[in-house]
Amino acid sequence: MCGIVGYIGPNEAVKVLLDGIKRLEYRGYDSSGIAYIENGILKCEKAVGKVAELKKKLDGNKFNTHVGIVHTRWATHGAPTMENAHPHVDCHSEIAVVHNGIIENYDYLKSRLEQEGHIFRSETDTEVLAHLIEKYFQGNLETAVMKALKEVEGTYGIAVISAKDPQKIVAARKGSPLVLGIGSQEYFITSDVSASLEHTRDVAYLDDNEVTILTLDDYKTKTIQNIPTYKKVEEVLWNIDMIEKGGHEHFMLKEIHEQPQALRNAMRGRIESSGGLIKLGGLMSCEKELREAKRIVVVACGTSWHAGLVAEYMLEELARVPVEVEYASEFRYRNSVIEEGTVVIAISQSGETADTLAAMREARHKGARLLSICNVVGSTIAREADCGIYLHIGPEIGVASTKAFTAQITVLYLFTLYMMNLKYPRNPIPSDMIRVIQSIPDKVQAILTMEERIVELARIYKDSENVLYLGRGYNYPVALEGALKLKEISYIHAEGYPAAEMKHGPIALINKDMPVVFIATKDSVYGKILSNIAEVRSRGGRLIAIATEGDDQILEKVDHVFYIPKTSDCLTPILSVIPLQLMAYHMAVMRGCDVDKPRNLAKSVTVE
Ligand code: G6P
């Protein structure tokens, strides 16, 4: 989940690398480091903290270098210190390695290398790579890298340079994404396409067990077994403006405000204009399996798992397919039963989450058909699935997922209608089910215009130590998501519960200092939720309700009401989550938290 950028080309490499790595900071930011070759010598600089700290150390210097690698770290093995920051070098400081992933047999490799006389300077698993490459180096860097990698167990995306073979970068991938950026007479290797987008839109995605060798005039790719490979060069359609903050203070706020457009993009071209037919081109190859599906299992993590819960309710209610939603990390290690007719859906914004990927591979091993719902085009999960649906909402940079969640629900709704089409071909989708989703972006927009009202609420409750979120039916996953948003970025302890479960535990916590957010829209369980509100009120809790416009009845039952427009029950989560996203954001900002880079979290969790 760390960020990697490598550059070789006519421009001064340090500047290109620092600009690139800044864009990847969301992948990890506890330390960073750079290595480059200048006048035949390998030079290295590191800093603890954000990339700005590294930049400070290098500012004001003049560099004469055209090849280098840089890294921003999210610690796995070893604390975030200077010694543990990447790049890691060999005994003679002539080979430098940056790495994303985990070397699982590093203990064994390290003790063997130490016995052979190699001196280690860090606690990281990565350092073994530098020494292994040193061991095998006989004048050609790629040969040494390939020999070293054959001994390695685990996952990696690596980039390597050496003063002894100075005109090249060697990079390799197994389980951690790497993208080759192909410019005019310049090449990039990055763990995320956004890092090289300023320079080129032409990219090629490395596959597992593939190595690339970048030189000043060319690039080559081959398998780790030394068999040449051919890469399809693809054009990235995202542009750099799409990943800038667009005038907002934080990426998270920008992404919250982008939701109306993001949802339109997620629907574009997928609803046949005459209505009634959903076109999801990426599912064509799985149509038969989907039509015959007896069961759907959703695997996901974090916010994507919450979107999966909404899908469970929708698919069971509307398409009448049994659905189970599993944490990918649990699914992968338990011996689940996958009978014939099971379709597994992996939901992942990044498409790189290690647990989701592993769950998918486990399901494949047991014979399931695999469908992915990802945002990042060309990501590993998207490529390994048999078929899939992209969100098409542009990059999500804020660590706390916002627009991906609402787009996932949008796409899952379209998928539900698509399943209805497949299962009941004689019954056209009722036109109001189409109209209701088409009207969602404008309704999201209307909620966003009431942001000031949320700012007022945030001001009142920003010093809370605990917040409880309660919802039922389709709003139960929203309660979970609201609580997750708040704890992720404001560090306030928050819990989400199905409202009726409250009396089996959380009710004990309720007192005048405990704000309770009820998602109490006018749906099929509205009456039930009013009873739950009464239970909290009679115990002195402070009550905030997210309610449906026109519901005056609720006014006298709670302390504050935030109204959202009416929509169908199953699409309510897209609307009811917006005030919760805004509330978490404003409370966190008022508490002085860095919302785009919350402590200990990373955007893309590519380790177990
Ligand atoms: C991390 C992120 C979350 C995200 C989760 C799953 O924990 O901080 O925002 O929901 O990973 O990520 P995915 O990319 O698979 O949706």
Side-chain angles (χ1 to χ4, degrees), residues 1-3 24-29 74 76 175-177 191-192 194 250-252 255-256 262 266 298-311 325-332 344-361 370-385 388-391 393-409 411-412 477-478 480-491 496 577 580-581 584-585 588 593-608:
M1 107 167 69
C2 312
L24 298 191
E25 230 186 345
Y26 68 92
R27 296 178 68 96
Y29 35 79
W74 188 84
T76 55
S176 282
S191 47
D192 184 310
S194 54
H250 296 99
F251 281 113
M252 182 180 174
E255 286 156 7
I256 291 174
V298 175
V299 291
C301 303
T303 291
S304 298
W305 184 77
H306 295 158
L309 290 180
V310 178
V325 188
E326 292 233 25
Y327 283 118
S329 53
E330 286 299 311
F331 179 87
R332 65 181 289 192
V344 168
I345 304 183
I347 308 179
S348 173
Q349 186 284 130
S350 62
E352 301 293 348
T353 302
D355 283 322
T356 309
L357 183 58
M360 223 172 108
R361 287 176 177 163
L370 302 175
L371 188 159
S372 69
I373 296 183
C374 294
N375 186 34
V376 178
V377 176
S379 56
T380 312
I381 290 174
R383 287 186 296 141
E384 287 201 12
I389 316 172
Y390 281 122
L391 302 185
I393 57 167
E396 189 181 66
I397 306 286
V399 168
S401 185
T402 51
K403 65 175 180 174
F405 179 67
T406 48
Q408 282 163 343
I409 299 174
V411 158
L412 284 160
V478 177
L480 298 182
E481 178 62 7
L484 179 67
K485 286 293 83 97
L486 189 70
K487 71 181 117 183
E488 276 182 312
I489 58 171
S490 73
Y491 318 135
V577 79
L580 306 186
Q581 294 171 342
Y585 171 81
C593 303
D594 184 350
V595 293
D596 280 338
K597 298 190 184 69
R599 72 180 177 218
N600 305 337
L601 297 179
K603 182 70 186 157
S604 173
V605 184
T606 53
V607 292
E608 209 183 306

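Every number for a ligand or one of its atoms is a count from 1 in the order of the listing. Owing to the predicted nature of the structure, the values given are computational and were not obtained by experimental measurement. For reference, positions follow the sequence shown, starting with 1.
Here the protein heavy atom with the shortest distance to atom 8 (O) of ligand 1 is Ala602 O, 3.0 Å. Shortest contact from atom 12 (O) of ligand 1 to any protein heavy atom: Thr353 OG1, 3.3 Å. Nearest to atom 5 (C) of ligand 1 among the protein's heavy atoms is Cys301 O, 4.1 Å. In this structure, the protein non-hydrogen atom closest to atom 7 (O) of ligand 1 is Val605 CG2, 3.9 Å.
What you find for Ala346 and Met360 is that their closest heavy atoms are CB-SD, 3.7 Å. Between Gly351 and Ser379, the closest heavy-atom pair is CA-OG, 3.4 Å.
Residue-to-ligand polar distances place Val399 within reach of ligand 1: an N/O pair is separated by less than 3.5 Å. Distances between N or O atoms of Thr356 and those of ligand 1 include no value under 3.5 Å. At under 3.5 Å, not a single nitrogen or oxygen of Gln408, backbone or side chain, sits near a nitrogen or oxygen of ligand 1.
Close contacts of ligand 1 with Gln349, meaning ligand atoms under 4.0 Å from a residue heavy atom, involve 13 (P), 14 (O), 15 (O), 16 (O). Listed by atom number, the atoms of ligand 1 under 4.0 Å from Thr303 heavy atoms are 10 (O). The contact set between ligand 1 and Ser304, taken as ligand atoms under 4.0 Å from a residue heavy atom, comprises 10 (O), 13 (P), 16 (O). Taking every heavy atom of Ser401 and a limit of under 4.0 angstrom, the matching atoms of ligand 1 come to 9 (O).
Each of Cys374, Cys301, Ser304, Ser372 was compared with Ile347 under the side-chain contact (heavy atoms from CB on, under 4.5 Å) criterion, and only Ser304 meets it.
Not counting sequence neighbours, the partners of Thr303 by the side-chain hydrogen bond (donor to acceptor under 3.5 Å, both in side chains) test are Glu481, Lys485. By the side-chain hydrogen bond (donor to acceptor under 3.5 Å, both in side chains) test, Thr356 is found to be paired with no residue, residues two or more places apart in sequence or in another chain being considered.
The main-chain N or O of Gly398 is found under 3.5 Å from a side-chain atom of Glu255 such that the two form a donor-acceptor pair.
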Yes or no on side-chain contact (heavy atoms from CB on, under 4.5 Å) for Val399 and Lys597, after CA distance, side-chain angles and deciding distance? CA-CA 6 Å; Val399 168; Lys597 298 190 184 69; 5.6 Å; no
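Here the side chains of Leu370 and Glu384 are not in contact, with every heavy-atom distance at 4.5 Å or above.
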